[in-house]
Number of protein chains: 2
Amino acid sequence: MKRKITLKQIAKELDVSISTVSKSLRNSLEIGEETRLKVQAFAKFYNYKPNNIALSLKNRKTKSIGIIIPEIVHYFFSTVINGIEQVANENGYSVVICLSDDSFDKEVLNMEMLANGSIDGFIMSLSKETQYKGDFHHITEVINQGMPVVMFDRVTNDILCDKVIIDDKAAAYEAVQSLIDNGRKKIALVTTVDYVSVGKLRTDGYEKALLDNGLPFNEDLIIKIEDVDTCEITISQLLHDRAFDAVFAVNELFAVTIIKTASKMGLKVPEDLAVIAFTDGIISKYSTPSITTVSQSGEKMGNKAAKMLIERLEAEHVDDDEENENYTTEVIETHLIQRESTD
Amino acid sequence: MKRKITLKQIAKELDVSISTVSKSLRNSLEIGEETRLKVQAFAKFYNYKPNNIALSLKNRKTKSIGIIIPEIVHYFFSTVINGIEQVANENGYSVVICLSDDSFDKEVLNMEMLANGSIDGFIMSLSKETQYKGDFHHITEVINQGMPVVMFDRVTNDILCDKVIIDDKAAAYEAVQSLIDNGRKKIALVTTVDYVSVGKLRTDGYEKALLDNGLPFNEDLIIKIEDVDTCEITISQLLHDRAFDAVFAVNELFAVTIIKTASKMGLKVPEDLAVIAFTDGIISKYSTPSITTVSQSGEKMGNKAAKMLIERLEAEHVDDDEENENYTTEVIETHLIQRESTD
DNA sequence: TTTCAACACTACCACGTTTTCGTAAACCAA
DNA sequence: TTGGTTTACGAAAACGTGGTAGTGTTGAAA
């Protein structure tokens, strides 16, 4: 078990100074060829690699970016990570991931932990609790310290920073419109509780689509679900009354539960009940029937978010004083993926 | 935009030495109460937090662990990460994630990148390509440098280190046995190509269960699939011939594809065809019919792996010279989750 | 012989922290 | 006053790196 070799050890071994070694390895012309080659050979033999920590300390750059997301066991979020990681890796960055578990405290803790030098910038999606509380001091603080933050998907207007989102409202509108186009009249919306920003926006799109088509906007058809487990009961009741002939669910878990419930009750999808879900994921694809979804390319979001962050990081390098904080909000386009749950 | 404050700045501001500040903040009795409180108040006001990078350099500990997995958009792996993250966080560690994309080169690159001081230890699952090549020099190298490695799920006997696995053979045996118990005679095995270690083991368990029950082991019933896309064609052909009445699939993607194919052909699951899948995931749960699976608790694996790594990290602290490398291999228990795809 | 440039390398500083050692001042006992 | 102890703090090294500035030697031109 040999510890990693350092410049100092090489220097000692070859009886030259540390700086000579350093310069030799960087091929500086200051160093004579003989010495240079000797050092390089030695370094290669002992597999010298500069210590990242020391470099980070010196350069005040860690070349790693922090990701904070509510949970990782979630198709959408893992695709986003995938997207971030791709771009990060291409640019020589590593990725540090922390999970907030949808808890405000954990989000704050994780941010503080990473903000103390561990990373160069953040990419994050807000936890439910944070959105509920509306307390973003931990984020502003980080930003004030000059650490760039890019938010995605679950964002807030209360924070000025780069953002990557999809046009939730427009996408919801499109989905509901397609249901209407297929002759559906009573379209239910199955959504989460309001404080999750995206839930609100999708509801808005749903409402607008109905009104634009002269259909009544009926509060009773908006089913707010906090917990997936309660979904089945609520749904079966409404299905029993045949209260609707189509469902727009804000996520695929709701959608698949609805389909399963409907099937149990002898209803046919899509004949008796058409279903569209937000967030294209693995469940929709493999459900029976497979579910028509609004694609929400997590990978693209991740790509974009990483690009924005890295651009800002490298730009900062150049002009440090000039505070040109022209934050942008990037909108990733969505489209409907037609599958078996709609006709 | 104020940069984070440092000890030096505090020292300068209060006109004391850096050491005085450091000691005051650590509540050293060496420092007089007046000075101590003054420093503490000042530090609190400016929200001083020690710089992690500097601490890492000093302590030769980064308090972060590196995870290298083939892909993240994969239910099993994300549950493992979840498990790792839980334990890591509890013990004050962060988690750095790199994806090998099932590529040998990326795996090597990522390891080298992280090994240069960025992390204290690795938790990893081998990429397919690495298993195929059988080249593990990058891992031995890291281990030789004194950096602990814990492997999980896709492991190799060629490396001496701590491991967390499930008893793939026994689990496969149990699954196949349960099919036999239900009166199935012609049980097909749908598996991946051999070089993925777990695929081999599961095949062994399958074979043993058949032989132990006096059933013929028929090579024709072992269907090796490299790509999910080709799965459907292969399967439909065999289903057409009614070559088997039960399927044991080594992952849930295969299983759900088989079920879908069978349904299309008018076969009923489980009446005409019973299906069991390895790797309990989200698809199995929400498939129609839902799929009986061998649970493979990724979370538990992650927990265990993290525990083992951290234990070793903290232990190393104590006895540095004494090389007590009593590596252990932890076996996580599995059990069958009965669902609708079997009777 | 002096001067000056080129060469080959070394010294030193900074990054932020902790820790060991040192020491000045104050106090006390003899 | 002397010697010794305590109190309260400071200086400096160390972790590993990289850049700037500096130093000493050599050889050649003036």
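Lettering of chains follows the sequences in order, A, B, ..., and the numbering in each one begins at 1.
- Using a 4.0 Å heavy-atom distance criterion, A:Ser56 is classed as making no nucleic acid contact.
- Among the heavy atoms of the strands lying under 4.0 Å from A:Leu7 are primed sugar atoms or P, OP1, OP2 only; no base atom is included.
- Mapping A:Thr6 and B:Ile31 onto DNA chain D by nearest heavy atom places B:Ile31 at the nucleotide closer to the 5' end.
- Put simply, CG on B:Asp15 is 12 Å from P on D:dC9, counting in whole angstrom units.
- For D:dG16, one of the phosphate oxygens OP1 or OP2 lies less than 4.0 angstrom from a side-chain nitrogen or oxygen of B:Arg60.
- In this structure, A:Lys163 places its NZ atom where more than 12 heavy-atom neighbours from other residues, nucleotides or ligands lie under 6.0 Å away.
- One finds no side-chain N or O of B:Arg36 lying less than 4.0 angstrom from the OP1 or OP2 phosphate oxygen of D:dA8.
- Here D:dC9 presents its P atom at 12 Å from CG of B:Leu14, a figure rounded to the nearest Å.
- No donor-acceptor distance shorter than 3.5 angstrom exists from the side chain of B:Asn82 to the backbone of A:Ile72, with no hydrogens or angles considered.
- Taking atom NZ of residue B:Lys61 and atom C1' of nucleotide C:dT18, one finds them 15 Å apart after rounding to whole Å.
- The nearest whole Å value for the distance from the CD atom in A:Glu30 to the P atom in D:dG18 is 14 Å.
- One interatomic measurement links the two molecules: CD1 of A:Ile18 to C1' of D:dG16, which rounds to 8 Å at whole-angstrom precision.
- Remark: A:Asp101 engages A:Lys106 in a salt bridge, criterion side-chain N to carboxylate O under 4.0 Å.
- Residue A:Ile5 contributes atom CD1, which lies 10 Å from atom P of D:dT17 at whole-angstrom precision.
- For the pair B:Thr35 and D:dC9, the criterion of a side-chain N or O lying under 4.0 Å from OP1 or OP2 is met.
- To the nearest angstrom, P of D:dA8 lies 20 Å from CZ of B:Arg26.
- Of the listed nucleotides (C:dG16, C:dT10, D:dC9), D:dC9 has the atom at the smallest distance from the side chain of B:Thr20.
- In this model, the phosphate group of C:dC15 is approached by a side-chain N or O of B:Lys8 to a distance below 4.0 Å at OP1 or OP2.
- With salt bridges taken as basic N to acidic carboxylate O contacts below 4.0 Å, one links A:Asp162 and A:Arg312.
- Along DNA chain C, the nucleotide nearest to A:Lys58 and the one nearest to B:Pro50 differ in position, and the one closer to the 5' end is contacted by A:Lys58.
- Each of A:Ser17 and B:Ser22 was matched to the nucleotide of DNA chain C holding its nearest heavy atom; the match closer to the 5' end belongs to A:Ser17.
- The distance between atom CD of B:Glu33 and atom C1' of D:dC9, rounded to the nearest whole Å, is 16 Å.
- Counting atom types as modelled, B:Lys23 pairs no side-chain N or O with a base atom of C:dT17 as donor and acceptor under 3.5 Å.
- By the 4.5 Å heavy-atom criterion applied to side chains, B:Cys161 and B:Ile143 are counted as neighbours.
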